[in-house]
Amino acid sequence: MPDIALHLLLLLCAAAFFAGFVDAIAGGGGLITVPAMLIAGIPPLQTLGTNKVQSIFGAASATLAYARKGHVQLQEQLPTALMAVMGGAIGAALATIVPGDVLQAIMPVLLLAIAIFFAVKPNLNDLDKHRLITPFAFGLTLVPAIGFYDGVFGPGTGSFFMLGFVTLAGFGVLKATAHTKLLNFGSNLGALIVFASFGAILWKIGLLMGVCQFLGAQLGSRLAMRIGAKLIKPLLVIVCIALAVKLLADPANPLRVWIGL
């Protein structure tokens, strides 16, 4: 483990716990943990790899909590989760080939669009609705595509899964959240395998943060199941806006450069 001061380790643990709590409800935990690790002095590549370690703990924790209450059937969803694993692995492996500038430019716009959708869309609740795509087609197309994005870049992955489940698969908000955590686990696992093969992971820090994220995700998922869409919907909107603002706050963001801000 790198020489990190005790107060910075405590910061990382606190960030991981809060990230697990937020991520289990609305996604966006990386918005909290990635800056915290960079503040602690961890190099960017190791930050991305280590973030996958602790993120997978949070996703697994939330998935188990939702599965225990019957909101997601793990055995039935295994093939879909495997597609997310494949997408995450390919994305991480091809991260240096994909035009990162384009992703960074369009991400804030997409996140703001998702925030507006969930903010103004009427009748978003925990009841399932008519689906526009079969589960097979959903798992074969959208899931690996979003998993690929998670491996390449990452921010907003949970929001994209949520949008797909609600608009295309016809899931209610709580059910969509539960299934999103399972697919987040899959895409994180795929990317983690690739990052580990390149030695880009600080395992002790990742595992320490992982325990804290696991506990935070337990609390967040239980609260989400208790309150449902009334909690998930506004928090999802807030997280999407926060992610967009964070990306646009970087003076080097390609979108700001292109429009001259």
Side-chain angles (χ1 to χ4, degrees), residues 23-29 52 55-56 58-92 110-111 113-115 117-118 121-193 217 220-221 224-225 228-229 231-233 235-237 239-240:
D23 207 56
I25 301 171
K52 291 302 179 186
S55 293
I56 207 169
S61 175
T63 298
L64 290 174
Y66 287 123
R68 281 199 297 265
K69 295 297 183 178
H71 296 293
V72 56
Q73 303 298 323
L74 297 181
Q75 188 171 0
E76 293 179 8
Q77 295 300 317
L78 182 59
T80 306
L82 290 175
M83 295 301 292
V85 172
M86 181 188 70
I90 295 174
L110 292 177
L111 287 168
I114 292 173
F117 172 83
F118 279 97
K121 176 72 174 177
N123 301 321
L124 277 179
N125 50 45
D126 295 325
L127 300 177
D128 289 353
K129 298 176 178 62
H130 178 69
R131 68 189 183 202
L132 301 178
I133 188 173
T134 66
F136 178 79
F138 185 83
L140 196 63
T141 57
L142 199 65
V143 170
I146 298 176
F148 174 84
Y149 163 77
D150 192 22
V152 173
F153 194 51
T157 299
S159 302
F160 292 139
F161 276 133
M162 278 288 293
L163 183 65
F165 277 125
V166 170
T167 59
L168 298 178
F171 284 11
V173 173
L174 179 58
K175 183 178 178 181
T177 301
H179 285 71
T180 289
K181 292 304 102 188
L182 173 62
L183 298 189
N184 268 150
F185 174 84
S187 60
N188 279 328
L189 177 60
L192 174 62
I193 292 171
S221 56
M225 287 185 285
L231 172 67
I232 298 170
K233 180 180 173 180
L235 191 56
L236 180 64
V237 171
V239 167
C240 285

Kindly determine whether D150 and K52 satisfy side-chain contact (heavy atoms from CB on, under 4.5 Å), including the steps that lead there. CA-CA 10 Å; D150 192 22; K52 291 302 179 186; 3.0 Å; yes

Quick one: pull up OG in S221 and CG in L174 and give me the separation to the nearest 0.5 Å. 10.0 Å

In sequence, state the C-alpha distance, the side-chain angles, and the governing distance for L168 and L142, and then conclude on side-chain contact (heavy atoms from CB on, under 4.5 Å). CA-CA 10 Å; L168 298 178; L142 199 65; 3.9 Å; yes

Scanning both residues in full, the closest heavy-atom pair of I25 with A224 reads CG1-CB, 4.1 Å

As an exercise, state the distance from OG1 of T180 to OH of Y66, rounded to the nearest 0.5 Å. 9.0 Å

Can you tell me how far CD1 of I146 sits from OG1 of T141, rounded to the nearest 0.5 angstrom? 9.0 Å

I need the minimum non-hydrogen distance between M86 and P144, along with the two atoms involved. CE-CB, 4.1 Å

Smallest separation among heavy atoms of A24 and G220, with atom names: CB-C, 4.0 Å

For S61, all residues meeting side chain to side chain donor-acceptor pair (under 3.5 Å), sequence neighbours excluded: Q218

In terms of heavy-atom contacts, K181 and A62 come closest through CG-CB, 3.7 Å

Could you check whether any side-chain N or O of Y149 sits under 3.5 Å from a backbone N or O of G87, counting only pairs where one atom can act as donor and the other as acceptor? no

Sequence neighbours excluded, the answer for side-chain contact (heavy atoms from CB on, under 4.5 Å) partners of A137 is I133, T134

Looking only at heavy atoms, the pair that brings S187 and F161 closest together is OG-CE1, 4.5 Å

With a 4.5 Å heavy-atom cut-off, do L74 and L182 have their side chains touching? yes

Taking all non-hydrogen atoms of both residues into account, name the closest pair between G151 and A191 and its distance. CA-CB, 4.1 Å

Going by ring pair (Phe, Tyr, Trp, His ring centres under 6.0 Å), name the pairs with one or both residues in residues 172-191, residues two or more places apart or in two chains. F165-H179, F171-H179

Scan residues 69-87 for pairs that pass side chain to side chain donor-acceptor pair (under 3.5 Å), counting only residues two or more places apart or in two chains. none

Would you give the length of the straight line joining atom CG of L189 to atom CG of L183, rounded to the nearest 0.5 angstrom? 12.5 Å

